[in-house]
There are 2 protein chains.
Amino acid sequence: MPSKPTPLTMDAVYAKPGYLFRRMQQIAVAIFVEECRTFDTTPVQYAALVAIQTHPGIDATRLSAVIAFDRSTLGSVIERLEAKGLIERKPASHDKRVKLLYLTRAGAKLLRDIMPSVDRAQARMLQPLKPADRKVLMGLLAQLVDLNNEVSRVPLRAEDALEHLGRAE
Amino acid sequence: MPSKPTPLTMDAVYAKPGYLFRRMQQIAVAIFVEECRTFDTTPVQYAALVAIQTHPGIDATRLSAVIAFDRSTLGSVIERLEAKGLIERKPASHDKRVKLLYLTRAGAKLLRDIMPSVDRAQARMLQPLKPADRKVLMGLLAQLVDLNNEVSRVPLRAEDALEHLGRAE
DNA sequence: CCTACATTGTCAGTATGCTGTCAATCAAGT
DNA sequence: ACTTGATTGACAGCATACTGACAATGTAGG
């Protein structure tokens with residue numbers, strides 16, 4: 001008896017990791033945007049703001065490594081944040097190529113104000129699970145993301161952020 | 001002593017569900033595309049092809065419900081699949097608005113041929129985890145996606161696919 | 001029949017995400 | 001100093017994703 005060729009039905013697709021990861025990301029973004037609607041800020045923009053706050057004077061290339069965010073797309077994200085007056089771009093004195101990123105006062109205020117909404121969003125994503133299951137899921141996912149870090153185009157390089165220190169402007 | 005306001009550092013972000021879901025999706029797509037490079041097919045295009053094979057003569061709106069895929073974006077996906085000769089669009093006789101979707105012979109062949117690559121990709125996503133942990137992760141994620149189904153713009157409606165039956169062209 | 005409402009496909013606009021390319025600039029070795 | 005190679009920011013092009021709008025068509029009620 002030959003074994004059935006795998007998918008054929010949608011039910012087989014629904015249980016596959018690729019499908020579940022896409023769906024979960026879709027849901028997570030929807031929840032984030034809904035909770036943070038009044039701030040008109042996306043998950044990616046929020047992550048960028050936090051990273052810039054944590055590492056003032058970081059440049060775009062290092063920022064992309066710190067939030068594992070594609071370098072090409074980051075350009076437009078920065079542009080939008082700058083247009084909204086949340087960040088500033090200043091040329092670096094030590095290297096005519098780089099532009100250093102700083103949070104503006106408005107950006108810092110937004111980060112303070114948006115925090116409760118972000119926390120609510122993060123909580124809502126896991127809400128349907130039992131507390132113990134939430135821990136298990138997050139633990140396994142953190143492991144998996146870490147172990148697969150090198151696979152994506154922009155692996156996370158949290159340490160890269162430190163390279164700009166020691167040459168503060 | 002007041003409790004510290006939540007994020008402040010990137011480490012706090014790295015452990016949040018929103019970040020992990022985005023990162024995992026990023027990695028999953030990268031693996032899929034890498035394994036299926038020779039077929040020049042994306043995860044979404046693959047899902048659409050499987051759904052059309054399972055439900056020949058489905059229309060675009062129902063297709064979007066079956067793969068939980070945004071209706072607006074689906075238009076361009078269908079266009080690309082049609083341009084590649086993998087599917088056909090035929091006007092429905094019972095309703096001048098709808099266009100029915102069918103797999104072409106080339107589409108069916110691609111689905112047969114791509115299957116090993118897709119299976120390899122799905123396996124690679126979970127590879128770094130112990131087999132027992134893979135089961136736990138998929139189980140919890142399937143639960144969570146199902147319980148959050150209504151949140152996203154396009155909730156999954158697998159049953160919708162059956163509505164087109166009984167009026168075969 | 002006619003009107004109010006719903007559905008279908010399409011489109012414009014915005015925002016990620018990826019691949020690949022380019023000029024300007026910098027660094028390192030000769 | 002000069003050349004080679006790497007880095008930085010920018011961009012073009014493609015492919016998801018979402019919001020909101022629209023015309024054409026269908027349907028159900030009066």
Side-chain angles (χ1 to χ4, degrees), chain A residues 18 21-23 25-34 37 40-48 58-65 67-84 89-101 151-154 160 163-164, chain B residues 18 21-23 25-34 37 40-48 58-65 67-84 89-101 151-154 160 163-164:
Chain A
F21 292 142
R22 175 175 76 80
R23 204 71 187 92
Q25 159 71 359
Q26 206 178 18
I27 290 168
V29 172
I31 291 177
F32 187 103
V33 170
E34 194 180 313
R37 187 173 301 281
D40 189 31
T41 300
T42 66
V44 165
Q45 290 171 13
Y46 168 74
I58 196 173
D59 62 281
T61 297
R62 242 155 293 279
L63 177 59
S64 92
I67 56 181
F69 194 87
D70 181 73
R71 180 66 193 78
S72 294
T73 318
L74 190 52
S76 57
V77 175
I78 289 175
E79 222 171 86
R80 277 185 285 277
L81 290 176
E82 199 179 17
K84 287 197 270 192
R89 246 190 301 195
K90 297 180 187 172
S93 57
H94 61 86
D95 188 330
K96 270 183 254 179
R97 293 169 304 177
V98 317
K99 298 176 180 176
L100 306 180
L101 303 171
V151 173
S152 66
R153 188 190 185 187
V154 190
D160 276 21
E163 291 181 20
H164 76 110
Chain B
F21 292 143
R22 176 176 75 80
R23 203 71 187 93
Q25 159 70 1
Q26 206 178 19
I27 290 168
V29 172
I31 291 177
F32 187 102
V33 170
E34 194 180 312
R37 187 172 301 281
D40 189 31
T41 300
T42 66
V44 165
Q45 289 171 13
Y46 168 74
I58 197 173
D59 62 281
T61 297
R62 243 154 293 278
L63 177 60
S64 92
I67 57 181
F69 194 87
D70 181 72
R71 181 65 191 81
S72 294
T73 318
L74 190 54
S76 56
V77 175
I78 288 175
E79 223 171 86
R80 277 186 285 277
L81 290 176
E82 199 180 16
K84 287 196 268 192
R89 245 189 307 196
K90 297 179 185 172
S93 57
H94 61 87
D95 187 332
K96 270 184 256 180
R97 291 170 305 178
V98 316
K99 298 177 181 175
L100 306 180
L101 302 171
V151 174
S152 67
R153 188 190 186 190
V154 191
D160 275 21
E163 290 180 23
H164 75 111

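All values below were derived from every heavy atom in this structure, side-chain atoms included, with hydrogens, water molecules and symmetry-related copies excluded. Reminder, nothing fancy here: chain letters follow the sequence lines and each chain counts from 1.
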Worksheet item: The side chain of T42(A) lies closest to which of these nucleotides: dA15(D), dT8(C), dA15(C)?
Response: dA15(C)
Look at the side-chain N and O atoms of [X] and state whether any lies under 4.0 Å from the OP1 or OP2 oxygen of [N].
{"X": "Q25(B)", "N": "dT16(C)", "answer": "no"}
{"X": "R23(B)", "N": "dG17(C)", "answer": "no"}
{"X": "R22(B)", "N": "dA15(C)", "answer": "no"}
{"X": "Q26(B)", "N": "dC18(C)", "answer": "yes"}

Over how many whole Å does the gap from [X] atom [atom1] to [N] atom [atom2] extend?
{"X": "Q45(A)", "N": "dT14(C)", "atom1": "CD", "atom2": "C1'", "value": "11 Å"}
{"X": "E82(B)", "N": "dG9(C)", "atom1": "CD", "atom2": "C1'", "value": "13 Å"}
{"X": "I58(A)", "N": "dT8(D)", "atom1": "CD1", "atom2": "P", "value": "11 Å"}
{"X": "D70(B)", "N": "dA15(C)", "atom1": "CG", "atom2": "P", "value": "16 Å"}
{"X": "L81(B)", "N": "dA15(D)", "atom1": "CG", "atom2": "C1'", "value": "12 Å"}
{"X": "K99(B)", "N": "dT7(C)", "atom1": "NZ", "atom2": "C1'", "value": "15 Å"}
{"X": "F32(A)", "N": "dC18(D)", "atom1": "CZ", "atom2": "C1'", "value": "15 Å"}
{"X": "L100(B)", "N": "dT7(C)", "atom1": "CG", "atom2": "P", "value": "18 Å"}

Discussion item. Would you say that V44(B) contacts R22(A) through its side chain, given a criterion of any heavy-atom pair below 4.5 Å between the two side chains?
Written reply: yes
Practice prompt. Report, as a single string ordered 5' to 3', how protein heavy atoms within less than 4.0 Å touch nucleotides 23-28 of chain C: B base, S sugar-phosphate only, - not at all.
Written response: -BBS--
Practice prompt. Enumerate the residue pairs fulfilling salt bridge (Lys or Arg N to Asp or Glu O under 4.0 Å) with a member in residues 67-78 of chain B, sequence neighbours excluded, ordered by first and then second residue.
Written response: D70(B)-R153(B)
Response to the item:
The salt bridge (Lys or Arg N to Asp or Glu O under 4.0 Å) partners of E82(A) (sequence neighbours excluded) come to R89(A)
Worksheet item: How is R37(B) classified with respect to the nucleic acid when contacts are heavy atoms under 4.0 Å: base, sugar-phosphate, or nothing?
Response: nothing
Worksheet, complete the sentence: Tightest non-hydrogen contact, residues D59(B) and L101(B), listed as C-CD1, 4.3 Å
Worksheet item: Looking at residues at least two apart in the chain, or sitting in another chain, which of them share a side-chain hydrogen bond (donor to acceptor under 3.5 Å, both in side chains) with S152(B)?
Response: R23(A)
Response to the item:
Hits for side-chain hydrogen bond (donor to acceptor under 3.5 Å, both in side chains) against S76(B), two or more places apart or cross-chain, chain-then-number order -> R80(B)
Worksheet item: Do the side chain of K84(A) and the main chain of T41(A) share a donor and acceptor less than 3.5 angstrom apart?
Response: no
Worksheet item: Sub-3.5 Å donor-acceptor pair from the side chain of Q26(B) to the main-chain atoms of A68(A), do we have one?
Response: yes
Worksheet item: Hey, mind stepping through K99(B) and I78(B) against side chain to side chain contact (heavy atoms under 4.5 Å, CB included) and telling me if it holds?
Response: CA-CA 11 Å; K99(B) 298 177 181 175; I78(B) 288 175; over 6 Å; no
Item to complete: Could you identify which residues of residues 71-80 of chain A place a heavy atom less than 4.0 Å from some atom of DNA chain C, listed by residue number, or say none?
Response: S72(A), T73(A), V77(A), R80(A)
